[in-house]
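Report on the structure given below.
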Amino acid sequence: DSYILGVSDNFFQIISKDFKYGRFLSPAEYSTAAPKTILGYEVALELFGDKDPLGEKVKFKGRYVEIVGVIDKEGESMINIMNFDEIAIIGLEFARNFGTFVKNPINDGTILAKAGANLSIGEMQDQITGVLRGYRRLSPRDNDSFAINRLTLLDDILSNFFGVLNLTGFVIGIFSIFVGMFSVANIMFVSVKERTSMIGIKKALGASHAFILVEFLIESIILCLVGGGIGLLFVYALVSGLSLILPFEMFLSYNKIILGVSTSMFIGVVAGVIPAIKAAFMNPVEAIRK
């Protein structure tokens, strides 16, 4: 259903919207209660089709109102507090001429506010409470005769969603780490076994225990880094795909990339240390014979 909303001149400073055509009301149009309106995308489409409606007029309760803007299409979204596709916006001063004809979809009267750059939500709420209590001349003993609502529903939904997602990812990640660790260790044991005679030759030519140890540890670390890199690329592709579907952007932070690389290196060291020690302390004569 379409509805009409009377707003103040700084409405779009609180709720940011893109315009398909035109603009918002100018300060002069607002203060003089000029008969101007901004239509939602669907309202403009139903009335004028694909035509640019700027300058056209629509009738509100017998009065012709000029269209100065059309809000760009939004579609359905869980983060919108109202459906701006089905709206007609007029200035609050002009809206007073219609009395109860103007319908606010939230309630009979609402003040929208957002915190400034260096102001927390709690501090803003305290300031708003003080201003409204003073405006309504409430004594310190009087209860608030108004309600202050914070748009925390989306935050709660996303927090719960990402909380479950993080827990699931953590559990899967722990199992993946153990599986990957044993897999890399098995690969390294096979590598040591296949290169036993080569290890014996190196030790016979003077290679130290530390040299052999570091050689196999580096090999194990590189193996894990390759696997970790492939995993990061997969996560990056998944996050990029979700950003195109979801109404908000997701990204892979540098901290997570560093954590992933560091974890891969740690797994490489842990998985390769026992095979590397086994290779480093082989008897060269027995190794060459094998």
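Small disclaimer: the values here were computed from a predicted structure and weren't measured. Nothing fancy with the numbering, it's 1 onward along the sequence. Note: hydrogens, waters and symmetry copies are ignored here, and every other heavy atom, side chains too, is used.
- The two residues Leu54 and Gly69 make their nearest non-hydrogen contact at CD2-N, 3.6 Å.
- Remark: side-chain polar atoms of Thr263 are paired, donor with acceptor, to backbone N or O of Leu259 under 3.5 angstrom.
- Taking CG of Asp52 as the start and NZ of Lys20 as the end, the distance is 9.0 Å to the nearest 0.5 Å.
- No side-chain donor-acceptor contact under 3.5 Å links Lys203 to the backbone of Phe281.
- The shortest side-chain heavy-atom distance between Tyr64 and Pro35 does not fall under the 4.5 Å cut-off.
- Inter-residue side-chain proximity for Arg23 and Glu29 is flagged as met; some heavy-atom pair is nearer than 4.5 Å.
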Distance-only donor-acceptor hits, side chain of residues 229-240, under 3.5 Å, sequence neighbours excluded:
{"from": "Ser240", "atom 1": "OG", "to": "Tyr236", "atom 2": "O", "distance (Å)": "2.9"}

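- The side-chain heavy atoms of Ile277 and Val273, taken from C-beta on, include a pair separated by under 4.5 Å.
- A distance of 7.0 Å separates CG of Leu132 from CD1 of Ile128, quoted to the nearest 0.5 Å.
- Judged by distance alone, with hydrogens and angles left aside, the side-chain atoms of Arg195 form no donor-acceptor pair with the main-chain N or O of Ala279 at under 3.5 Å.
- Nearest heavy-atom pair, Ala88 versus Leu39, reported as atom, atom and distance to 0.1 Å: CB-CD2, 3.9 Å.
- Residues Ile288 and Ala204 approach most closely at CD1-CB, 4.1 Å, considering heavy atoms.
- The CG atom of Asp9 sits 9.0 Å away from the CG atom of Leu25 when rounded to the nearest 0.5 Å.
- Using a 4.5 Å cut-off between side-chain heavy atoms of Ile, Leu, Val, Met, Phe, Trp and Tyr, with links allowed through other members, Phe266 and Phe182 fall into different hydrophobic clusters.
- Linking ILVMFWY residues whenever their side-chain heavy atoms come closer than 4.5 Å, directly or via other members, leaves Leu205 and Met282 in distinct clusters.
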Is there a side chain to side chain donor-acceptor pair (under 3.5 Å) between Asn255 and Ser253 once you walk through the steps?
CA-CA 5 Å; Asn255 291 336; Ser253 66; 5.1 Å; no
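- In this structure, the side chains of Val70 and Ile38 stay at 4.5 Å or more apart for every pair of heavy atoms.
- A donor-acceptor contact shorter than 3.5 Å is absent between the side chain of Ser220 and the backbone of Val269.
- With values rounded to the nearest 0.5 angstrom, Leu225 atom CG is found 9.5 Å from Ser262 atom OG.
- Here the SG-CD distance, from Cys224 to Glu219, works out to 11.0 Å after rounding to the nearest 0.5 Å.
- Atom CG of Leu217 is separated from atom CD1 of Ile212 by 11.5 Å, given to the nearest 0.5 angstrom.
- Here the side chains of Met188 and Phe216 are in contact, with some heavy-atom distance below 4.5 Å.
- Side-chain atoms of Val58 and Val43, non-hydrogen and from C-beta on, never get closer than 4.5 Å to each other.
- Minimum interatomic distance between Met265 and Ile221 (heavy atoms only, all atoms of both residues): O-CG1, 4.0 Å.
- Taking all atoms of both residues into account, the shortest heavy-atom contact from Ala276 to Leu213 is CB-CD1, 3.4 Å.
- Judged by distance alone, the side chain of Thr37 and the main-chain N or O of Ile89 form a donor-acceptor pair under 3.5 Å.
- In plain terms, the two heavy atoms of Lys36 and Ile90 that are nearest each other are O-CG2, 3.6 Å.
- For residues 19-47, the ring-ring contact (aromatic ring centres under 6.0 Å, His included) pairs, not counting sequence neighbours, are Phe12-Phe19, Phe12-Phe24.
- The salt bridge (Lys or Arg N to Asp or Glu O under 4.0 Å) search around Glu46 returns none, not counting sequence neighbours.
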